[in-house]
Amino acid sequence: MTVLESRQGLEIHHVGKVFSQPGRPDFRALDDVSIRIRPNEFFTLLGPSGCGKTTLLRMIAGFEHPSEGEIRLDGADISVKAPYERPVNTVFQSYALFPHLTVEDNISFGLEMLRRPKASIDETVTRMLALVRMTEMRNRKIQQISGGQQQRVALARALAPHPKLLLLDEPLSALDLKLRKEMQIELKRLQHETGITFIFVTHDQEEALTMSDRIAVMSAGRVQQIGSPRDIYDRPANRFAASFIGETNFVTVKLLTVSATSGELELPGGTVIHAGVPDGVKFSPGKATIVVRPEHAELVGAGAGNLAGTVTNIVYFGTDTHYHLRLKDESSFIVRRQNRHGLSFGPAIGDEVGVLIGEGVAQLVED
Amino acid sequence: MSDTASVSLALREKAERRRSRLLTLPAVLVITIFGILPLLVIVAFSFMSPGAYGGVEPPFTLEAYVSFLFSRDIFDDTLTFTPDYVLIYLRSLTFALGTTFVCLLLGFPTAYFMVTRPVESRKWWLLLVTIPFWSNLLIRTYAIMFIIRDEGLINNTLIGMGLINQPIVMLYTNFSIVLGLFYSFLPFMVLPLYSSLEKLDFRLVEAGYDLYATRSRVLWRIIVPMAKPGIVAGCLLVFIPTIGAYVTPLILGGGTHLMVGDLIAQQFGSSRNWPLGAAQAIILMAGVLVALFFYVRTTSEAKLHG
């Protein structure tokens, strides 16, 4: 029981942040944010720029203090503690490596500040260099290594003191695509090997989906949804969460009956289907919106399926093809189809087609 | 075919070189007329004999340099070592080092304060720092004198408030000289510090705090090393003019503390010993150059390693 209590993880409890500058109107960056991050979790704060994710991260690091609410780490209130009093380290977006120090001295900096014994510092630095595969670069200067290598040094520097939380502020945004993919896998490995809780900030939804145990989708200073990548993708809570993560079709429908888990609704063409209901959101019969992921809808011949439309555009992506349709009610709809061999049915622009939305595919969302 | 091409290329390169040499001419002229020639004159003077009413005469001699260290007995022509001039140089060195140190001590927080202001207001702080430059050095020095003398602003105020009975003697002391030099040369320290601190990436400071460094350790381990070019430039810009300063020590020291600048002026004035004055100037310059050489070498080495 005591072991459990001492590892409560991070609790962000009704935290708000208002920036006030003389001569300017107050700016509310965060509004009543509550998140609980479990120990050893890879947790991602996902949102567009200006959604408050970086402000929240800076508050966890101690660079900003909350205007309201409190932040508790393993039960202790750390809301107003200085950054150097928190067992929390950050990997900065710009890496912020010390240019006047070598790779080794950058990594040992935190350990020296904690006044660890010399032998233990050497041992840890060696271990960290091996962990991020930079052993040969030990005595290099920061300007002498590449951006990807700087990234690894920044990680090693932040991991060396073995913090309770590792904060990562869009650390991969400066890397090119190939390196970014490599580092995504690398980060997962590091998190697994060190057992440290990672809090990752990004605006890249794909990055969030592939790496995270859980994601908090943020917008306009508020948390829109918290859940596993699958939850967020398959069962988005509202229009923002649905549109920010992945591509989505929104269809305006008539909700006939609704329970806590499922709703019966009428599509524009008049067919009745069932749709899932996201956790904790209440709907009432009448006009409603459902989301259908493009790859979940199926293209069928005219007259078949439960929606009808005309092909307006076809975009070829190699692995799959996107069919842009105009539905009968003038709204647009996209169907994504994998390019397998032997597909017999290939409509052209201007063709009338049907769309099949299978059972359990549609999901009601809050507008 | 390719031969003629390479020949014409070589010709063009030659013309190019001639043109660039022509363009350097103004700079070469300025340096020669205002830098090298006067220096050569001083060097030449230092190896000649003093004229009876000032000026220099042949023959060429090392007498000026000998008399810097020794006094010659007028009866038996023997040389005895006299450290008087050396002591004056050491005193000037002490004052210059002290002034540089005080300027750095107060200039650093000043520059740091300036760069941490919002960008729009920084130019006003820069303007405030350079305001003393707008009035004549002599006038500023006299102004200090009026503030710190026995019947000056400070003492009158303190006596008027009944805090002291006797005036605190500040004028014509070591204190007044360093104060005057500090006041005159502080902007030379603040401006280079400002420009190097302005380039400091404050995210590095945050990274320092994040890695458990307290405020003072962030200052010593991150900010100071990053500001090193500014510290070096500021120290040189203060040290070099203060070691040869003339007006300030003369007025605020009241002639009680003879300094190098004053000493050299005496040789060209009342002592009418131009060769000695020239030799003293050369010795000062050589000393500063040697110090500069070591300073630059150690800091560039630091740049290579740190």
Side-chain angles (χ1 to χ4, degrees), chain A residues 21-24 54 57-58 60-64 81-102 104-116 121 139-144 150 153-154 156-163 165-169, chain B residues 108 111-113 115-125 192-193 195-235 295-306:
Chain A
Q21 259 189 318
R24 284 182 200 171
T54 297
L57 198 78
R58 288 176 59 80
I60 300 169
F63 301 132
E64 310 278 357
K81 278 197 172 172
Y84 48 82
E85 295 171 322
R86 305 176 181 217
V88 173
N89 288 126
T90 309
V91 178
F92 294 87
Q93 186 169 13
S94 58
Y95 312 149
L97 294 172
F98 305 125
H100 59 294
L101 301 179
T102 60
E104 174 178 7
D105 293 341
N106 264 280
I107 297 172
S108 65
F109 189 90
L111 300 164
E112 277 172 46
M113 294 299 123
L114 289 168
R115 295 175 202 278
R116 297 273 167 81
I121 292 178
N139 296 314
R140 291 283 186 89
K141 290 202 59 176
I142 295 307
Q143 297 94 311
Q144 293 170 338
Q150 290 186 6
V153 176
R157 184 179 73 171
L159 284 169
H162 203 87
L165 299 176
L166 185 78
L167 311 181
L168 301 111
D169 185 7
Chain B
F108 196 91
Y112 191 83
F113 171 84
V115 297
T116 48
R117 294 312 96 194
V119 183
E120 318 89 76
S121 61
R122 282 185 207 165
K123 58 174 185 281
W124 298 108
W125 290 107
L193 282 177
S195 77
S196 81
L197 281 174
E198 202 183 26
K199 280 182 234 132
L200 176 74
D201 183 354
F202 276 87
R203 289 174 295 194
L204 297 179
V205 174
E206 277 192 348
Y209 288 139
D210 190 64
L211 292 162
Y212 314 104
T214 53
R215 283 166 186 282
S216 67
R217 303 186 95 189
V218 165
L219 176 71
W220 289 108
R221 297 290 298 267
I222 298 165
I223 300 175
V224 168
M226 301 293 293
K228 206 166 175 184
I231 295 174
V232 170
C235 286
Y295 201 55
V296 167
R297 209 178 62 167
T298 50
T299 51
S300 62
E301 248 170 43
K303 205 180 234 170
L304 217 66
H305 295 297

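Treat the numbers as computed from the prediction; the structure is a model and nothing was measured. Residue numbers begin at 1 in each chain, while the letters A, B, ... track the order of the sequences.
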Do A:Tyr84 and B:Arg217 have side chains that get closer than 4.5 Å, going by heavy atoms? no
Verify side chain to side chain contact (heavy atoms under 4.5 Å, CB included) between A:His100 and B:Lys228, making sure each step is shown before the conclusion. CA-CA 10 Å; A:His100 59 294; B:Lys228 206 166 175 184; over 6 Å; no
Sequence neighbours excluded - salt bridge (Lys or Arg N to Asp or Glu O under 4.0 Å) pairs with any residue from residues 85-99 of chain A: none
How many angstroms lie between atom CG of A:Leu97 and atom CG of B:Asp201, to the nearest 0.5 angstrom? 10.5 Å
Is any side-chain heavy atom of A:Leu101 closer than 4.5 Å to a side-chain heavy atom of B:Pro225? no
Contacts of A:Phe109 that satisfy ring-ring contact (aromatic ring centres under 6.0 Å, His included) - sequence neighbours left out: A:Phe98
Closest non-hydrogen atoms of A:Asn89 and B:Leu211, given as atom of the first, atom of the second and distance, are ND2-CD2, 3.8 Å
Of the non-hydrogen atoms in B:Tyr212 and A:Gly110, which two are nearest, and what is the gap between them? CD1-O, 3.9 Å
How far does CZ of B:Arg203 sit from OG1 of A:Thr90, to the nearest 0.5 angstrom? 13.5 Å
CE/A:Met113 to CG/B:Asp210 distance, rounded to the nearest 0.5 angstrom? 13.0 Å
A:Ala82, A:Gly62, A:Ala96: which one forms the most heavy-atom pairs within less than 4.5 Å of chain B? A:Ala96
